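Starting from 1, each residue takes its place in the sequence as its number. Given the structure is predicted, the values throughout are model-derived calculations rather than measurements.
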Amino acid sequence: MVGVNERKSFHTVGAIARMTGVSVRTLHHYDEIGLVPPSARTSAGYRAYSDDDVERLHRVLTYRELGFPLEQIATLLDDPSADAMAHLEAQHTLLSERIDRLHRMVAAVEDMMNSKKRGITLTAEEQTEIFGADWLGEGYADEAEQRWGDTDAWKQSAERTAKLSKDDWKQLKAEGDALEAALADGLARGVAPGSPEANELAERHRAGIDRWYDCDHAMQVCVAQMYVTDHRFRKHYEDIAPGLAQYVVDIVTANAEQEENAEQQ
């Protein structure tokens, strides 16, 4: 490792976090596991990243976006014998299947939108036919408005929803499906609540809620609790993977507790 007085240009960990949108905590974790270690240290001992380090980080983020676990990413980047093409082809197949499913869901949403524009209200049976048995339907939306219609969160959600375009809905649906797939993968691989990877999943989950209304960690814990207390939400997550509802609660709670402890220190 070199010092920052070498001829290369270097960036602080905070600068890298701002440039890439990756949290400082995640960058520290990538350093600790040797995935993206900084090439230099400042005279005070702080991390300093070179342009080559930033390029490696972007490669890591690309693989993460495609759904690769960190261990596999390290192999693809560092093992000259790794068959990157085979891994990418397998992931391409999975992504293509997911895209096909999303196209079907987009068509279902468009059918619902078109029927609304014509003044036609779909029956519960039609909603189930289009969206599947997991679709909560308008009945739950009415119930939710009765319970939370006078809250700031509900007003924020209504305002933000009103501004969404069709492409926005497509993106939100894709992001939601990707998050649920990542959560199920974390559960399957035994990613422990409170671990850096589980905390990263918890933050992705909170960011998803934050798209609809401002959501701090305490609010996120309250939302997650509904996944186990409301049988409709529990069924949705359990249909994805048995135990997933409680797993989401556990990683969200552990992350919130760590954040609270960090703020108090």
Side-chain angles (χ1 to χ4, degrees), residues 12-38 46-47 49 53-54 56-75 77 172 174-228 233-234 236-238 240-265:
T12 66
V13 66
I16 296 300
R18 289 189 295 273
M19 279 192 290
T20 63
V22 178
S23 70
V24 170
R25 184 168 62 180
T26 297
L27 290 172
H28 287 178
H29 177 56
Y30 287 175
D31 179 15
E32 291 166 0
I33 64 176
L35 186 60
V36 187
Y46 296 116
R47 295 170 173 84
Y49 292 81
D53 298 334
V54 177
R56 179 180 175 89
L57 175 60
H58 280 297
R59 292 174 65 192
V60 169
L61 296 178
T62 298
Y63 279 121
R64 287 293 282 162
E65 188 68 22
L66 291 174
F68 286 88
L70 296 180
E71 297 84 355
Q72 194 171 33
I73 294 173
T75 299
L77 294 181
L172 289 168
E175 291 174 356
D177 283 353
L179 172 59
E180 290 178 350
L183 291 167
D185 177 65
L187 172 64
R189 291 188 293 109
V191 176
S195 67
E197 186 174 355
N199 290 338
E200 183 181 347
L201 288 172
E203 287 300 325
R204 284 180 61 185
H205 175 269
R206 187 168 70 89
I209 300 174
D210 209 53
R211 295 289 296 269
W212 304 103
Y213 53 85
D214 296 343
C215 180
D216 59 16
H217 291 92
M219 173 72 79
Q220 182 191 16
V221 171
C222 292
V223 172
Q225 287 292 340
M226 289 197 306
Y227 300 167
V228 293
F233 285 101
R234 175 185 282 275
H236 171 78
Y237 283 94
E238 296 301 300
I240 296 172
L244 185 58
Q246 186 61 52
Y247 180 71
V248 176
V249 174
D250 291 344
I251 66 171
V252 165
T253 302
N255 182 60
E257 290 174 350
Q258 289 185 16
E259 290 291 336
E260 182 179 2
N261 291 337
E263 293 175 358
Q264 294 174 352
Q265 293 177 355

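The structure places CG of Leu244 at 10.0 Å from OH of Tyr227, a figure rounded to the nearest 0.5 Å. Here CG of Asp210 is found 9.0 Å from CG of Asp216. Values are rounded to the nearest 0.5 Å. Between Leu70 atom CG and Glu197 atom CD the span is 5.0 Å, to the nearest 0.5 Å.
Salt-bridge check for Glu259 with Arg206: failed, with every basic side-chain N at 4.0 Å or more from each acidic carboxylate O.
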* Asked: What's the verdict on side-chain hydrogen bond (donor to acceptor under 3.5 Å, both in side chains) for His217 and Glu203, showing C-alpha distance, side-chain angles and the deciding distance?
  -> CA-CA 9 Å; His217 291 92; Glu203 287 300 325; 2.8 Å; yes
* To do: Test side chain to side chain contact (heavy atoms under 4.5 Å, CB included) on Ile16 and Val22 and set out the steps.
  => CA-CA 8 Å; Ile16 296 300; Val22 178; over 6 Å; no
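Of all non-hydrogen atoms in Gly194 and Ala254, the two that sit nearest each other are N-CB, 3.6 Å. Heavy-atom minimum distance, Val24 versus Ala17: CG2-CB, 3.9 Å. Residues Val221 and Ala256 approach most closely at CG2-CB, 3.7 Å, considering heavy atoms. Arg56 approaches Gly34 most closely through the heavy-atom pair NH2-O, 4.2 Å. Taking both residues in full, the closest heavy atoms of Phe233 and Met226 are given as CB-O, 3.6 Å, listed atom of the first, atom of the second, then distance. Of all the heavy atoms in Thr253 and Gln225, the pair that sits closest is OG1-NE2, 4.5 Å.
A side-chain contact (heavy atoms from CB on, under 4.5 Å) with Glu175 is found for one member of Arg211, Arg204, Glu180 and no other, namely Arg211.
Counting only heavy atoms from C-beta outward, the side chains of Tyr237 and Gln246 never approach each other to under 4.5 Å. Arg59 places none of its side-chain heavy atoms less than 4.5 Å from the side chain of Thr62. Side-chain contact between Leu201 and Asn255 is absent, with no heavy atoms from C-beta onward closer than 4.5 Å. Between His29 and Glu200, the closest side-chain pair of non-hydrogen atoms is not below 4.5 Å. Put simply, the side chain of Leu27 does not reach to within 4.5 Å of the side chain of Val36, judged on heavy atoms. Residues Ile251 and Leu183 have side chains in contact (heavy-atom distance under 4.5 Å, counting atoms from C-beta outward). A heavy-atom distance below 4.5 Å is found between the side chains of Tyr213 and Val223.
Without hydrogens or angle criteria, Gln220 side chain to Cys215 main chain gives no donor-acceptor distance under 3.5 Å.
Ring-plane geometry between Tyr63 and Phe68 is classed as perpendicular, the angle between the planes exceeding 60 degrees on a 0 to 90 degree scale with a lower cut at 30.
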